[in-house]
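As structure tokens, the structure follows; a few thoughts come after it.
First listed ligand is number 1; within each ligand, the first listed atom is number 1.
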Amino acid sequence: MTGTVHPSWAVYDLGRLAGNLAEVQRRVGPGQNIFAAIKGNAYGHGALPVARALERGGVTALMTGSYEEASLLRANGVCLPVVMFAGALPEGIGELTAAGLIPTIVDMAGAMAAAAKADDTPVQIYVKADMGLGRLGVVMDEIEGFLRALSTMPGLRVAGLYTHLPFGDQAGCEWARIRFAAFDDLLVRLERAGLLPPVTQAGASSSVAAGLTDQANAVCVGHLLFGLSPFAGEPVGDLSAFRPVLCEVGTQLVQVTEHRQGHDLAIAGAFGIREGKRIGVAPMGAANGLQRPIPGSTPCAIIKGQRVPVIAVSLEHLTLDLDDVGDAQVGDEALLLGGQGAEAISLEELAGWSGLPCLDTVMALSQRLDARYRGGACKEVML
Ligand SMILES: *Cc1c(COP(=O)(O)O)cnc(C)c1O
């Protein structure tokens, strides 16, 4: 995937990650702990380099669902607490705690499995509450009783209580406002009952962006750290200070050919050729996460500081129309994202080819390109 053998890459700017984290810190204020959600290989940005940058940036803890990625962080000396989102069977909980990871508990079977692993010191766990999303967690009405039951188990220490109330638009924001208030009420009740865990968290990217605040002492953000909007369309709140961490996707031309009138570009189906055309081919296709353009989109790449139309995306190749850059030759860079000269292609524009959300576009490009990092490279110990 590297160098001259497969010249196709993605560049992640860890300076932007640090800037986005600083913006979240500024918005939530100094009293709040920031947990970083790094599930899904850090939203496709690479769990280890991202975790290291976030550790330098001062997050309190990391949260993920991937045991493999969490273990990779541990093997590479990332010391931050790692809370595992609920994803293990009760039988797997012991393996998480043995690896120095903090499991999320959502029922008594999980709690008993964790407690069974306690030795001299109690096992740290987090409890997840379902405050209305209808997904994972202990349902709202049962949390107090559940925490009371856990408080009688000497092998357990409930280090945190969290919930998740993401929303995608203004209407969702109104829904979340009510659910946040219910969580605040719950925290008050738990404090009175002497059951309040030290860490409490409900806020995530959408609430931080929208300026929703609560009585919890932590937020857990993912999207905003990576410069991605958590909203489906129109943002709720000003996101202009957040910059996408994925800042460049590029490849190099491996062949440039002249096609005469009458030739067909088979890959382009009915496209045909009405005039002579210069065609460039680069080794980046759907297999590398580049999405096929939807009808009506006008996908482009930038070569020598100039926009050129994409003719086709095939499984491993990208075919470009080079008519407007007559001097383009093998080895020239073609950018699908990023800037060159006066031209730039944004993440929104690239995602717009396919109609996919930016996050899905970033995730797709994370699998099979040479990942390069700006602003803090690191060596990785493979497991
Ligand atoms: C992913 C996740 C978050 C972070 O969500 P963002 O919208 O990306 O900030 C927070 N809490 C839980 C439980 C999550 O799964």
Distances for all N or O pairs of ligand 1 and the protein under 3.5 Å?
{"unit_1": "ligand 1", "atom_1": "7 (O)", "unit_2": "H223", "atom_2": "ND1", "d": "3.3"}
{"unit_1": "ligand 1", "atom_1": "8 (O)", "unit_2": "Y43", "atom_2": "OH", "d": "2.6"}
{"unit_1": "ligand 1", "atom_1": "8 (O)", "unit_2": "G222", "atom_2": "N", "d": "3.4"}
{"unit_1": "ligand 1", "atom_1": "8 (O)", "unit_2": "H223", "atom_2": "N", "d": "2.8"}
{"unit_1": "ligand 1", "atom_1": "8 (O)", "unit_2": "H223", "atom_2": "ND1", "d": "2.6"}
{"unit_1": "ligand 1", "atom_1": "9 (O)", "unit_2": "S205", "atom_2": "N", "d": "2.9"}
{"unit_1": "ligand 1", "atom_1": "9 (O)", "unit_2": "S205", "atom_2": "OG", "d": "2.5"}
{"unit_1": "ligand 1", "atom_1": "9 (O)", "unit_2": "G222", "atom_2": "N", "d": "2.8"}
{"unit_1": "ligand 1", "atom_1": "11 (N)", "unit_2": "H164", "atom_2": "ND1", "d": "3.2"}
{"unit_1": "ligand 1", "atom_1": "15 (O)", "unit_2": "K39", "atom_2": "NZ", "d": "2.6"}

(message) Under 4.0 Å between a side-chain nitrogen and a carboxylate oxygen: does that hold for D130 and R135?
(response)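 Looking at R135 together with D130, the answer is no, because their closest N to O distance does not fall below 4.0 Å.
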
(message) Under the side chain to side chain contact (heavy atoms under 4.5 Å, CB included) test against Q32, which residue among V208, T60, V219 passes?
(response)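 Exactly one option meets the side chain to side chain contact (heavy atoms under 4.5 Å, CB included) with Q32, and it is V219.
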
(message) For residues 11-33, which residue pairs pass the ring pair (Phe, Tyr, Trp, His ring centres under 6.0 Å) check, not counting sequence neighbours?
(response)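 Listed by first then second residue: Y12-H45, Y12-Y373.
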
(request) For residues 82-110, pull every pair meeting ring pair (Phe, Tyr, Trp, His ring centres under 6.0 Å), keeping only residues two or more places apart or in separate chains. (result)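 The answer is none; no pair qualifies.
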
(message) For the CG atom of L336 and the CG atom of L290, what is their distance to the nearest 0.5 Å?
(response)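 Going from CG on L336 over to CG on L290, the span is 5.0 Å.
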
(request) Any salt bridge (Lys or Arg N to Asp or Glu O under 4.0 Å) involving residues 189-207? Give me the pairs, sequence neighbours left out, ordered by first then second residue. (result)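 Sorted result for residues 189-207: E144-R189.
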
